[in-house]
A.B. asks: 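Here it is, the structure, as structure tokens.
Side chains included, hydrogens not; waters and symmetry mates left out as well; all remaining heavy atoms used.
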Amino acid sequence: VGIGGTKILADPIDSTAAFCTFLSHPLRPPLVLRTGDGGTSWQDVTGNLLGQSVNTIAVDPDRPSDWYAGTAVGVWHSGDGGTFWRPYGYGLPYAMTLDLAIQQRSRKLRVATHGRGIWEAVLRGGTTPSEAEGVLVLERASSNPGRGVVLFRYAGRGAGALELRVFAPTGRLVSRLAVDPADGFVRTVSWDTRSAGSGVYIAVLESGRYRVSRKVVVLR
């Protein structure tokens, strides 16, 4: 177990998942732990953060594989399930970060530091949700939660192709459902969930720099 717990965060997408962060210690315990089964088991997702205390963590609800850790030397980001972390945020100070908050509408990460005030950084993704919603349309066309086959309606207009994929909350690609022209036509596609298992999934529609997502709950 870690030493000196600092934060417990419920995953904003997956109700069975949560994170715990800890202070650094000479015994080198895990600094970031994640559970995906309601706390029955925990996975060490510290990666290369060893040697610096982790005070807080945040998960982007629109890009659930993007994790942000507030450490003794600033904000770090991982997009691969905690295997590798890198410093994040152009212009942010390398100061002790005590808390993080994500503003979904403005696509901003707010950073509370010790002695350096509160800062903001643009989140990964490139556009605000309101801007993307004006270009892309993604709807569930069947019940949610659902069993068996889940239906989606989707459309988009622009220069880039439309791609509709389904991800697990950890960022693992589960299914690539469709690739179509962004010609404005509304299309329907089905996803057979029988091989996916029960849980929460994220359907993501992308075209160029635009991206929208929808949460899908699958029951068996």
A.B. asks: Spell out, as yes or no, whether a donor-acceptor pair under 3.5 Å connects the side chain of Tyr201 to the backbone of Ala196.
C.D. replies: yes
A.B. asks: Is there a path from Leu177 to Phe167 through hydrophobic residues (I, L, V, M, F, W, Y) whose side chains come within less than 4.5 Å of each other?
C.D. replies: no
A.B. asks: With a 3.5 Å cut-off and no angle check, do the side chains of Gln52 and Thr71 form a donor-acceptor pair?
C.D. replies: yes
A.B. asks: Would a 4.5 Å heavy-atom cut-off, applied to side chains only, mark Val59 and Asp66 as touching?
C.D. replies: no
A.B. asks: Check side-chain contact (heavy atoms from CB on, under 4.5 Å) between Glu163 and all other residues, then give those that pass, not counting sequence neighbours.
C.D. replies: Arg165, Arg176, Val179
A.B. asks: If you count the non-hydrogen atoms of other residues, nucleotides and ligands that lie under 6.0 Å from CG in Leu50, is the total more than 12?
C.D. replies: yes
A.B. asks: Is there a donor-acceptor pair under 3.5 Å between the side chain of Thr35 and the backbone N or O of Ala18?
C.D. replies: no
A.B. asks: Between CD of Gln103 and CG of Leu123, what distance do you get to the nearest 0.5 Å?
C.D. replies: 9.5 Å
A.B. asks: For the side chain of Thr16 and the backbone of Gly38, is there at least one donor-acceptor N/O pair under 3.5 Å apart?
C.D. replies: no
A.B. asks: In residues 93-100, what donor-acceptor pairs under 3.5 Å come from side-chain atoms, sequence neighbours left out?
C.D. replies:
residue: Thr97; atom: OG1; partner: Ala95; partner atom: O; Å: 3.3
residue: Asp99; atom: OD1; partner: Thr56; partner atom: OG1; Å: 3.3

A.B. asks: Between Lys108 and Val122, is a side chain to side chain contact (heavy atoms under 4.5 Å, CB included) present by the stated rule, with each step listed?
C.D. replies: CA-CA 5 Å; Lys108 295 289 182 64; Val122 176; 4.0 Å; yes
A.B. asks: Checking Arg214 against Arg140 for the side chain to side chain contact (heavy atoms under 4.5 Å, CB included) test, could you report, in this order, the C-alpha distance in whole Å, the side-chain angles of both residues, the deciding distance, and whether it holds?
C.D. replies: CA-CA 8 Å; Arg214 298 289 182 265; Arg140 294 180 297 269; 3.7 Å; yes
A.B. asks: For a quick test of reading the model, state the closest non-hydrogen atom pair linking Ile102 to Ala58 and the distance between them.
C.D. replies: CD1-CB, 4.1 Å
A.B. asks: Quick one about Ser78 and Asp80 (side-chain donor to acceptor, distance below 3.5 Å, no hydrogens or angles considered), yes or no?
C.D. replies: yes
A.B. asks: Among the clusters formed by ILVMFWY side chains lying less than 4.5 Å apart, do Ile13 and Val174 turn up in the same one?
C.D. replies: no
A.B. asks: Is it possible for you to say whether Val218 and Ile202 belong to one hydrophobic cluster, with membership spreading through side-chain heavy-atom contacts below 4.5 Å?
C.D. replies: no
A.B. asks: Quick one: are Phe152 and Trp191 in side-chain contact, heavy atoms under 4.5 Å?
C.D. replies: yes
A.B. asks: Do Val212 and Val166 share a hydrophobic cluster, counting only Ile, Leu, Val, Met, Phe, Trp and Tyr and linking them when any side-chain heavy atoms are less than 4.5 Å apart?
C.D. replies: yes
A.B. asks: Could you work out, with side-chain contact (heavy atoms from CB on, under 4.5 Å) as the rule, every residue matching Ser190, not counting sequence neighbours?
C.D. replies: Val149, Leu151
A.B. asks: Does a side-chain N-to-carboxylate-O contact under 4.0 Å join Asp180 and Arg187?
C.D. replies: yes
A.B. asks: In Å, rounded to the nearest 0.5 Å, how long is the span from OG of Ser65 to CZ of Arg172?
C.D. replies: 12.5 Å
A.B. asks: Would you call the rings of Trp67 and Phe19 parallel, tilted or perpendicular, where under 30° means parallel and over 60° means perpendicular?
C.D. replies: perpendicular
